Amino acid sequence: MPEPITAPAIELDGVSKAFGANKVLDDVSLTVRHGSIMVMLGPSGTGKSVLLRCLVGLLRPDAGRVLVYGEDVAALDESRPRDRARLFALRRRFGMLFQDGALFDDMDVGDNVAFPMRMHTDLSEAQIRAKVADKLRRVGLSGVERKAPSELSGGMRKRVAFARAIALEPDIVLCDEPSSGLDPVMSATLDELILELHRTLGMTFIVISHDTAEAKKIADTIGLLASGKLVTYGPAADVFAEGQPALRQFFERSTEGPIRVL
Amino acid sequence: MSQRRGPLEATLAFLDFFAAVLRCLVTGPHFWLETLRTMDILMRRCLIPVGLAVAPVGAVIALQGVGVFRMFGVEGLLSSMLATAIFRQYSPALASVMVAAQAGSSIAARIGTMKVRGQIDALAVMSVDPLRYVVVPGFIACLIIAPLLNVLTTALGLVSGWFFAVVLARVDHGAFVDNLYSQVTVTDLWIGLAKCTLFGGAIGLIAGFAGLRTVGGAAGVGRAANSTVVTTIIMILVIDYFISLLLLWLGV
Ligand SMILES: Nc1ncnc2c1ncn2[C@@H]1O[C@H](COP(=O)(O)OP(=O)(O)O)[C@@H](O)[C@H]1O
Ligand SMILES: [Mg+2]
């Protein structure tokens, strides 16, 4: 029996990131337990996507540490060959659903979902095809293998991208707004799928969302990012009970509160 | 990135990029299938334009030469001038320029599109190095198709020159063929092929570099493709000049 993993999947320690004068993340620290579901809420433009990109080393924070199972991604410099190899190895632990899907236009849906398996496994073509069909069925898209991404709606592309993200059943799945652009029923289906994968395979999920109902349904841990600061972070039950003003504003869809748009 | 991008920064970044591509070439993994696919696409894109561009050149050389050579009564030597011009200069330069225009722009546009649509990032997150998966195949493909096309342009240039001289201007066929190789040597062919390989590689490299640095949506993709074509064509013509000088100086 393998030893249970007790180290946190992700640990951010004082992470800051600015683009020129635009301070996007300001001293963010948090821990994501292995095998938990963390939902990060926040208005758009506050750095949620930037945060995810820091986790996989697509962006390097200006300050702070980004530990993935104890290894600091932020210390890896892509321009140094050894670090680059290490970074690509570390990314094997992740699957990522990008905000706009980022499917490959010159491949059909089946090849898109098969891509990570073709790259990183020795599975036969028949095995890969079976797995692709299974993943597509799970996201409610059976039989679309031969379609081009451009023939699909935005919501369908997102689900294909989700199927691709979970294709290798990675330790950590990062989902950038999986529910935006989906109808409520499809969105609920995707939530069920996240819960199922979490339950059966013990995957860790980090989900960015605008949807408070989704957060209530799936989150073990909830965070609220506003203007680059982590306003609230903690176990879902506590966060909901606490009634933090910014979070309450978010849940009540109110223009009144600490989050200022205008 | 929003950092300032001066010419110095671009040059340093290009040298870094070049070094990284070389590292990818000497160490695995290699994506040979992707390389073949890229070669196939680029070859299809280049064949017809290259043919159309080089055919008139042979005819023009013959057209201009035939009058002068006739004046001195040595029109049989027309073919040796034609062969020298085509083997040494026109064919390699034209093949390279067409590879820059067709293959360079297509590589830069493809990689640029992938970049602005987040697909390059998606590759990286799936632990597939974009340098290995999209840049190196384009580089190798250009390196190979440029000399291949040079063989084709050389043949086409000679055929079109022959057609103009023999069929239209009534130069003697026997004299044309006899004198064809009197001035050119196998070395000329090798020099032409070597130049094309050099230019082809540079095109693939510059196109990949411009593609990966694309920012700013569809307009940015257009800029990347355009700057690739302009940069590489100027580079080809300038370097070609210096190579000719050098060879002349060496007496090759
Ligand atoms: N690569 C980048 N270069 C410059 N600015 C960026 C970059 N990526 C994101 N930003 C800026 O960072 C801020 C946060 O962006 P993002 O993380 O995408 O927001 P969201 O919370 O909606 O996902 C925005 O102001 C955006 O303009
Ligand atoms: Mg975002």
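If you're wondering where the values come from, they're calculated on a predicted model, not measured in any experiment.
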Check whether A/Phe104 gets within reach of chain B through its side chain, its backbone, both or neither, counting any heavy atom under 4.5 Å. both
State, to 0.1 Å, how close A/Ala102 and B/Gly118 come at their nearest heavy-atom pair, and which atoms those are. CB-O, 3.6 Å
Donor-acceptor contact present, side-chain B/Ser127 to main-chain A/Ala89, <3.5 Å: no
Which pair of non-hydrogen atoms, one from A/His120 and one from B/Met126, has the smallest distance, and what is that distance? NE2-O, 2.7 Å
Quick one: pull up OG1 in B/Thr113 and CG in A/Asp106 and give me the separation to the nearest 0.5 Å. 10.0 Å
Need one label for B/Ala20: side chain, backbone, both or neither, based on atoms under 4.5 Å from any heavy atom in chain A. neither
Atom CZ of A/Arg60: over 12 foreign heavy atoms under 6.0 Å: yes
Heavy-atom count check: over 12 atoms from other residues, nucleotides or ligands less than 6.0 Å from B/Phe14 CZ? yes
Approximate separation, where rounding is to 0.5 Å, of B/Gln119 CD and A/Asp105 CG: 4.5 Å
For the atom pair CD (A/Glu78) and CG (B/Asp129), what is the distance rounded to the nearest 0.5 Å? 7.5 Å
Aromatic centroids of A/Phe115 and B/Tyr133 separated by under 6.0 Å: yes
What part of A/Asn22 is in contact with chain B, defined as an atom under 4.5 angstrom from a non-hydrogen atom: side chain, backbone, both or neither? neither
Kindly check if the number of other-residue, nucleotide or ligand heavy atoms within 6.0 Å of CG (B/Leu12) is above 12? yes
What's the spacing between A/Leu59 CG and B/Asp121 CG if we round to 0.5 Å? 8.0 Å
Around atom OH of B/Tyr90, are there more than 12 heavy atoms from other residues, nucleotides or ligands closer than 6.0 Å? no
Contact part of A/Leu90 toward chain B, heavy-atom cut-off under 4.5 Å: side chain, backbone, both or neither? neither
Which one of A/Pro81, A/Gly57, A/Pro116 has the most heavy-atom pairs closer than 4.5 Å to chain B? A/Pro81
Applying a strict 4.5 Å limit to non-hydrogen atoms, the region of B/Arg117 in contact with chain A is both
Spatial distance of atom CG (B/Leu33) from atom CZ (A/Arg118) [nearest 0.5 Å]: 10.0 Å
Pair count under 4.5 Å, heavy atoms only, with chain A: among B/Ile120, B/Leu123, B/Asp16, highest is B/Leu123
